[in-house]
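Taking it in order: structure first as structure tokens, then the write-up.
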Amino acid sequence: MPEYTMRDGRGKEVPVVEEDGIVYFKSQMIRLSGRSLRKQIDGVTNMTVRDDDILIAAYPKAGTHWTWEIVTMLVKGQADYEIKAKESAMLDYRSVEEIESIQSPRVLNTHYPSRLIPKGIIKKRCKIIHVQRNIKDVAVSYYHHCKEFYVPEDMTFSDFLPLMTGKDNKGKRIHYSWFDYVKEWEIYARDHLELDILNLYYEDMHMDSVGEVKKLSRFLGYDYPDAFLEEVADKCSFRKLQKANTDFKQDPTKRESGTSIMYRKGQVGDWKNWFTVAENEYIDSLYRERMTNTI
Ligand code: A3P
């Protein structure tokens with residue numbers, strides 16, 4: 001497993017581990033409970049898939065928790081919070097045995113790129129929900145996430161950004177290139193027309209949560225009354241999920257004080273409070289360069 005250091009925006013070295021194109025902060029490895037990243041990836045790609053598995057795929061910080069809570073309520077047919085948090089069904093960190101022990105129907109979730117999702121998902125034609133969010137808000141959200149777990153407390157957003165974009169790091173970037181992630185999913189969907197893949201956008205969920213919950217429900221093949229779908233959207237609003245998470249959910253990522261890390265601000269456009277003009281222009285230029293010929 002190659003280990004090397006990346007440089008943050010102030011030139012400080014940040015130790016990372018890379019496997020199969022996935023780059024983790026070295027401090028992140030603790031979440032694998034002693035398994036190597038290789039073993040984890042192999043476990044995920046070769047895991048036993050069930051006919052009724054549902055997979056939520058999203059780049060980190062794109063709205064995975066939100067989507068998982070909605071889908072879990074739809075699957076149960078009840079607008080009640082699940083005590084377990086979405087981490088309990090997260091392929092990237094859970095062991096094969098833990099994933100095996102989940103009762104069907106499972107709402108699995110992963111931040112892995114399309115080429116590393118379980119092979120059985122294709123064979124069994126499971127439904128896939130791909131959640132996307134503007135790269136700039138993802139970057140801000142990811143920065144706060146990493147500050148809670150993996151990077152020094154005094155790292156600023158400007159220090160962090162090159163770790164995500166790969167600037168001055170010979171193209172190496174933390175987790176996976178956001179651009180490659182999005183483009184590869186697009187190609188995957190095009191190459192697997194036999195699969196049911198729904199593209200959801202964080203910004204749409206924000207603008208019309210009821211409409212997006214209805215869309216999800218239809219996609220999953222349910223025919224629930226509007227009142228139920230409206231209740232699901234309401235129970236999964238940012239404030240209500242934040243409170244549920246703090247009050248009783250078994251979220252292993254909670255702060256010692258019990259407050260939630262995963263429900264930070266829940267807004268569209270918070271990036272405007274964090275990006276300098278130069279950083280914004282840089283991301284825009286990267287976007288133009290990397291996302292041409294995409295949908
Ligand atoms: P912010 O850090 O911008 O607040 P993920 O679940 O993929 O880790 O994504 C986390 C992001 O989704 C966080 O963004 C979090 O606040 C936001 N989020 C979670 N639930 C939400 C909801 N119900 N409405 C809006 N945003 C939500």
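Worth knowing before you read on, the calculation uses all heavy atoms, side chains too, and leaves out hydrogens, waters and symmetry mates. Indexing begins at 1, ligand by ligand and atom by atom, following the structure's order. Predicted, not measured: the structure shown is a model, and the values here were computed from it.
- Not one N or O on the side chain of T259 forms a donor-acceptor pair closer than 3.5 Å with the backbone of R255.
- With contacts defined as side-chain heavy-atom distances shorter than 4.5 Å, the pair M262/H145 qualifies.
- Because its NZ or CZ atom is not both nearer than 6.0 Å to the ring centre of W68 and within 45° of the ring axis, K86 does not count as a cation-pi partner of that residue.
- Contact detail for G21 and R173: the closest heavy-atom pair is O-NH1, 3.8 Å.
- Looking at R106, its side chain does come within 3.5 Å of a backbone N or O of I99 through a donor-acceptor pair.
- Enumerated by chain and number, the residues approaching ligand 1 to less than 4.0 Å through a heavy atom are K61, A62, G63, T64, H65, W66, R133, S141, Y202, C236, S237, F238, L241, M262, Y263, R264, K265, G266.
- Counting only residues at least two apart or on different chains, the salt bridge (charged side-chain N to carboxylate O under 4.0 Å, His left out) pairs with a member in residues 193-208 are K127-D196.
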